[in-house]
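Below: the structure, in structure tokens.
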Number of protein chains: 2
Amino acid sequence: MRATVLAAAKKLNYVPNPAARALSTNRSKTVAAIIPTIDHSVYAKYITAVEKTLSARGYTLVLAISNADAQMECDAAEKLIAMGAEAFILTGAKHSAALIDLLDRCAKPLVFTSVFDDQSAIPTIGYDNQALAKAAIAHLQEHGHRDIAVVYGSLAENDRTVTRLKGARMALGSADNTLFFEVDLSVEGGRRAAMEILNTDKRPSAILCFSDVLALGVMFLLQSQGIRIPLDISVMGFDNLDWSRQSYPSLTTIDLPASQMGAEAALQIMRRLEEDHPMSSLDLPAKIMRRGSVGPVRHRP
Amino acid sequence: MRATVLAAAKKLNYVPNPAARALSTNRSKTVAAIIPTIDHSVYAKYITAVEKTLSARGYTLVLAISNADAQMECDAAEKLIAMGAEAFILTGAKHSAALIDLLDRCAKPLVFTSVFDDQSAIPTIGYDNQALAKAAIAHLQEHGHRDIAVVYGSLAENDRTVTRLKGARMALGSADNTLFFEVDLSVEGGRRAAMEILNTDKRPSAILCFSDVLALGVMFLLQSQGIRIPLDISVMGFDNLDWSRQSYPSLTTIDLPASQMGAEAALQIMRRLEEDHPMSSLDLPAKIMRRGSVGPVRHRP
DNA sequence: CTGAAAGCGCTAACAG
DNA sequence: CTGTTAGCGCTTTCAG
């Protein structure tokens, strides 16, 4: 009987109307993610994993782009609620109080990604940015580097960068021979930072970038000035983007578990939605990729 | 009266239920886009523009990723229809007959992007890949290059690449000293192609890549071998990704109107949906960015 | 201009 | 196990 009806439905090309179903069940099977920009491999990878994981179980991802602006993020969230999003995946741990309050009042399940924080009241699925930055500095120090420059994108709307910076500062201790450069999170930003670095009195022997994108800009500029990497200056990145292994020289960097993070966030959200399973923070493994752009410090002539 | 109700609604935090509205009006205000991968700046930019344009007018983008697989694309479209997508934006002009048939039967408005084709029955919003490839070859020829290698990603599921290749072949005429390399569309692919190129008997004086991503891999490999760009070999890309101006040397490439394309596609879809305005193909301007990676041919010693 | 009611297509609860 | 029915929250139509 059931079979005959199903067969007839198939023959008639019947497709259930999702709006009617959503209205009746009060479930839209839609989850929202808001990312600062799609135009960065690290977000692209993570969102790809979210989309795959969600759609494999019949859920739909709706995506909004905040341009790293807290106000835009909040506006986007309102729209997404109005569109029927059942849960939210936000990038980073710092968001406008209005947004958190809104999601709380609407009782929308919520996860933060790209960070791991034990203390957070809201579950965080990501990595320990502070520890990773510390590890990066330690890696440079193991190679004898004492004069290190740190390059990063805007601190204003990016708490991951702030946390990494804190970690780097801790690892560096009271060494005040460290140079810090805040630039645009872009290849051009990296280039500019490197230009400034070359103009300083005491050139650092290593440059740590909080994104491979910045590191690429740094490498391009150093090469254009005939500076050898890592012989003259070592360069280290963050993200482990696709090209970083193939670059010349290959880039020493930190591999972030972007895909795993997206999949886990999606999974936890769905379990929360379906079985009311409580969500919990997750510290995903990241690791240093030791490659060719970091070498031992060379003593100056 | 109207005002008092509106005020009360605001005070009570009333949000219309989108599912009920969709059910009642038979309109979801949702449009679907399917792209091969999100992890390529050129798609990321175009999708960002689609999302912005759509959401500015109260529409929602639902995104699916096909991994450049016609079957996955078709499956994704079915899901998207079941989710209530009202119209579709597909990348490229080549899709499974089943998919086109499906969208036709469901009477879903449809546009193709990333290509412009006068002859297409379905509106195409993009650029003339064949003409652009011709122009690229011509640009190299103007610099005296006669021995040219062409590097591109998989032809199997990418009609833009096929069209570009056709254009390049036409511009090259009967010159059979041209080398063609089909590789993975990645930095690693570019690296491999460059390795092969260096191993050929008669090294070309210029390498044209149908993506900046490939060009980056080519440049990395040439540099690792101590080959000077453009002195020893010229390199040309396609896409004009962010970093291409900052690379060392800066990459001569073709600027594709990715953002404009996304915005136009979204706009036409919405006009079609709202005013039944017929959609029409659009040939958007692309142009050669003359930069540092292409130089005059040097006669061999 | 305001108020009442039907119905969009589905699910869930309940009756036979 | 099958068949019937109420109702999800909105829009639209029609009556007052």
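Within the helix from C:dC1-D:dG16 to C:dG16-D:dC1, the inter-axis angle between the opening and closing five-pair segments is 50°, rounded to 10°.
Applying the ring pair (Phe, Tyr, Trp, His ring centres under 6.0 Å) test to residues at least two apart or on different chains, the pairs with a partner in residues 55-96 of chain A are A:H95-A:F112. For residues 8-54 of chain B, every residue pair satisfying the ring pair (Phe, Tyr, Trp, His ring centres under 6.0 Å) rule, not counting sequence neighbours, is listed here: B:H40-B:Y43.
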Per-nucleotide protein contact string for nucleotides 2-7 of chain D (B base, S sugar-phosphate only, - none; heavy atom under 4.0 Å): SS---B
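Remark: A:N17 engages no residue in a side-chain hydrogen bond (donor to acceptor under 3.5 Å, both in side chains) (not counting sequence neighbours). Under the rule for a side chain to side chain contact (heavy atoms under 4.5 Å, CB included), the partners of B:K79 that lie at least two apart in sequence or sit in another chain are A:S55. Partners of A:E157 according to the side-chain hydrogen bond (donor to acceptor under 3.5 Å, both in side chains) rule, which considers only residues two or more places apart in sequence or in another chain, do not exist here. In this view, A:D69 and A:Q71, A:M72 satisfy the side chain to side chain contact (heavy atoms under 4.5 Å, CB included) rule, not counting sequence neighbours. With sequence neighbours excluded, the residues forming a side-chain hydrogen bond (donor to acceptor under 3.5 Å, both in side chains) with B:R105 are B:D101, listed by chain and number. Remark: B:S41 engages A:D39 in a side-chain hydrogen bond (donor to acceptor under 3.5 Å, both in side chains) (not counting sequence neighbours).
Side-chain contact annotation: B:T124 with B:S281, donor-acceptor N/O pair under 3.5 Å present.
Distances from the side chain of B:R21 to the nucleotides D:dT12, D:dC10, D:dC8 place D:dC10 closest.
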Exercise answer: donor-acceptor pairs, residues 257-270 of chain A side-chain atoms, under 3.5 Å, sequence neighbours excluded:
{"from": "A:Q268", "atom 1": "OE1", "to": "A:S280", "atom 2": "N", "distance (Å)": "2.9"}
{"from": "A:Q268", "atom 1": "NE2", "to": "A:S280", "atom 2": "O", "distance (Å)": "3.0"}

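A:P18 comes within 4.0 angstrom of no nucleic acid atom, judged by non-hydrogen atoms across all strands. Within the 4.0 angstrom heavy-atom criterion, no nucleotide atom of any strand lies near B:V5. At a threshold of 4.0 angstrom between heavy atoms, the contacts of B:N17 are confined to the sugar-phosphate backbone, with no base atom among them.
Contacts between chain A and DNA chain C, taken as any atom within less than 4.0 angstrom of a protein heavy atom, begin and end at C:dG9 to C:dT11.
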